[in-house]
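Below: one structure, written as structure tokens.
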Number of protein chains: 2
Amino acid sequence: MSEGSEKTNEGPVPKAVVSRLSLYLRELQHLIRAGSQTTSSNQLGSLLGFTDAQVRKDLAYFGHFGYPGIGYKCPELIQAIRKILGTDQTWNVAMVGTGNLGHALLGYKGFRSQNFEIVAAFDIDPNVVGQTIQDVPVFHLDDLPKIVSERHVKLGMIMVPSPVAQQVADQLVAAGIEGIVNFAPVTLALPPEVSLVGVDLAIELEQLCFNVANRKAKAAE
Amino acid sequence: MSEGSEKTNEGPVPKAVVSRLSLYLRELQHLIRAGSQTTSSNQLGSLLGFTDAQVRKDLAYFGHFGYPGIGYKCPELIQAIRKILGTDQTWNVAMVGTGNLGHALLGYKGFRSQNFEIVAAFDIDPNVVGQTIQDVPVFHLDDLPKIVSERHVKLGMIMVPSPVAQQVADQLVAAGIEGIVNFAPVTLALPPEVSLVGVDLAIELEQLCFNVANRKAKAAE
DNA sequence: TAGATTGTTAATCGATTAACAATC
DNA sequence: TAGATTGTTAATCGATTAACAATC
């Protein structure tokens, strides 16, 4: 087995590389389900629309995972990428806001299968506090610091209305959360040591819009 | 008023520029709500974590929207960006899949406020077909081509389980849809003339994970 | 062996930033 | 006028791709 632990490439890892790593992982999991035990940078790249060189370069940031002449062994590479991303262990997640979207996401199976576990939800509505949604207990927002500390929660998801998103973010940070996924369509100001990913559904549609509206211009180029 | 219609910069517009355009728009809308009638590339950039040069360069792809010595007039720039993105007119959207997540998104207010209207939902479950969810009628998937054509639907959202996502995508394409937001955690193969945006919630958490796990290494750089 | 494929270097390409004349 | 800020060019920086020796 190739020893992949030594990082061959110095310097910070570009954000784009890390996001492709997640795509490689997802694709490898599909390949395994489809019965492939082995793949290549060419196959992996083609499936995702990247060049083979890109795939190899991305992986080379973190070590040597392939076999010249052979390619990559799917289960092995999956394990390697999981370790790089940190998802070889389970991460506890807190969700703040149990409205339509939060409620729905509490039942989403896709998290646990990638080693994320929503261990607590938070709200201020007395009608939901104390309840259980999809086996997840709902606490009052005031209990956030206590639960985060007790359950070693490092990641949080913000599913509250925009006007209160920043204040909820501040509370998450104060409670010791280290990374936040924000679904509210606002820009959050956070200390630099806290990581942030924003998901704005209207913006995703806008991007599509631009492409569709400029489709013909694009085709003509 | 500055005439911003002539594109000053030739060639295709980078994807990153278009996505920042959406952020500028969102920020401008906040500024207006906060009472600002005017802003500058410096202010807009600072709020979002970009340089002022980046903001001006991005806008320069599409025209001259600012006033030297003054800055940008918020309402005017909002209108200009809307026009660039194509969201100065309403886009009809079809949603396929009315499970937890689809159901929740049918009630999401953030779409209409940016000029997107979900005019129809689709499913194959006889228990939901014929119903109305949040004022949106649910049709059988077989009716997709008819409704897409009748209602001039150009955009679709895939909210079905992963195993059927590709086949639903094919049906959307066959029905004449021109852009798709895919929430299923799979890579879709689409003809090049159809635009695709993928939203994978587990991947968003993975990105966070990597940053948190490498937080100390990053801080030391 | 011949064919396939890796890891890595060098070349290319594209995107960001700095700087500044023009403008208000 | 002096101060502020744009649009744009040139310089810098970083990311992608091509190419190939090394390996199986």
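Computed over heavy atoms, backbone and side chain alike; hydrogens, waters and symmetry mates excluded. Order of the sequence lines fixes the chain letters, A, B, ..., with proteins taken first and strands second; residue numbering starts at 1 for each chain. Here the structure is a predicted model, which means the values were calculated and not measured.
Remark: A/R20 is in phosphate contact with D/dT16, judged by side-chain N or O atoms under 4.0 Å from OP1 or OP2. Not one side-chain nitrogen or oxygen of B/S41 sits closer than 4.0 Å to the OP1 or OP2 atom of D/dT5. Not one side-chain nitrogen or oxygen of A/T51 sits closer than 4.0 Å to the OP1 or OP2 atom of D/dT16. At the phosphate of D/dT23, neither OP1 nor OP2 sits under 4.0 Å from any side-chain N or O atom of A/H64.
Among C/dT16, C/dG7, D/dC24, the nucleotide with an atom closest to any side-chain atom of A/I70 is D/dC24. Distance from the side chain of B/Y72 is smallest to D/dG7 among D/dG7, C/dT17, C/dG7. With C/dT17, D/dT23, D/dT6 as the choices, the nucleotide that has an atom nearest any side-chain atom of A/P68 turns out to be D/dT23. Nearest nucleotide to the B/K57 side chain, out of C/dT8, C/dT16, D/dT17: C/dT16. Side-chain atoms of A/R56 lie closest to D/dA19 of the nucleotides D/dA19, C/dC20, C/dT17. In this structure, the nucleotide among C/dT17, C/dT5, C/dC24 sitting nearest to the side chain of A/S40 is C/dT5.
The nearest whole Å value for the distance from the CG atom in A/D58 to the P atom in C/dT8 is 14 Å. Here C/dC24 presents its C1' atom at 19 Å from CZ of B/F65, a figure rounded to the nearest Å. For B/K73 and D/dA4, the NZ to P distance is 20 Å, given to the nearest whole Å. As a whole-Å value, the separation of A/Q54 CD from C/dT6 P is 14 Å. With rounding to whole Å, A/L59 atom CG is found 13 Å from D/dT16 atom P. Whole-Å rounding puts the B/L77 CG to D/dT6 P distance at 11 Å.
The nearest heavy atom of DNA chain D to B/G71 and to B/A53 marks one nucleotide each, and the one closer to the 5' end goes with B/G71. Residue B/A16 is the one, among B/A16 and B/G69, whose nearest nucleotide of DNA chain C lies closer to the 5' end (criterion: closest heavy atom). Of the residues near DNA chain D, A/K15 and B/N42, the one whose nearest nucleotide (by heavy atom distance) lies more toward the 5' end is B/N42.
The heavy-atom pair separating A/K15 from B/Q207 by the smallest distance is O-OE1, 4.2 Å. Scanning all heavy atoms of the two residues, the minimum distance from B/V93 to B/M157 falls at CG1-CG, 3.8 Å.
Across all strands shown, A/F50 has no heavy atoms under 4.0 Å from either base or sugar-phosphate atoms.
Taking a pair to require two hydrogen-bonding distances under 3.5 Å in either a Watson-Crick or a G-U wobble arrangement, C/dT23 pairs with D/dA4. Across the strands present, D/dT9 finds its partner in C/dA18; the criterion is a Watson-Crick or G-U wobble pair with both atom distances under 3.5 angstrom.
Salt bridge annotation for B/E178-A/R215: present, with a cationic side-chain nitrogen under 4.0 angstrom from a carboxylate oxygen.
With sequence neighbours excluded, the residues that form a salt bridge (charged side-chain N to carboxylate O under 4.0 Å, His left out) with A/R56 are A/D52.
Of the inter-residue distances, the one linking B/H30 atom NE2 with B/C74 atom SG reads 12.5 Å to the nearest 0.5 angstrom.
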The test is side chain to side chain contact (heavy atoms under 4.5 Å, CB included); show your working for B/I180 and B/L190 and say whether it passes.
CA-CA 10 Å; B/I180 292 175; B/L190 292 180; 4.1 Å; yes
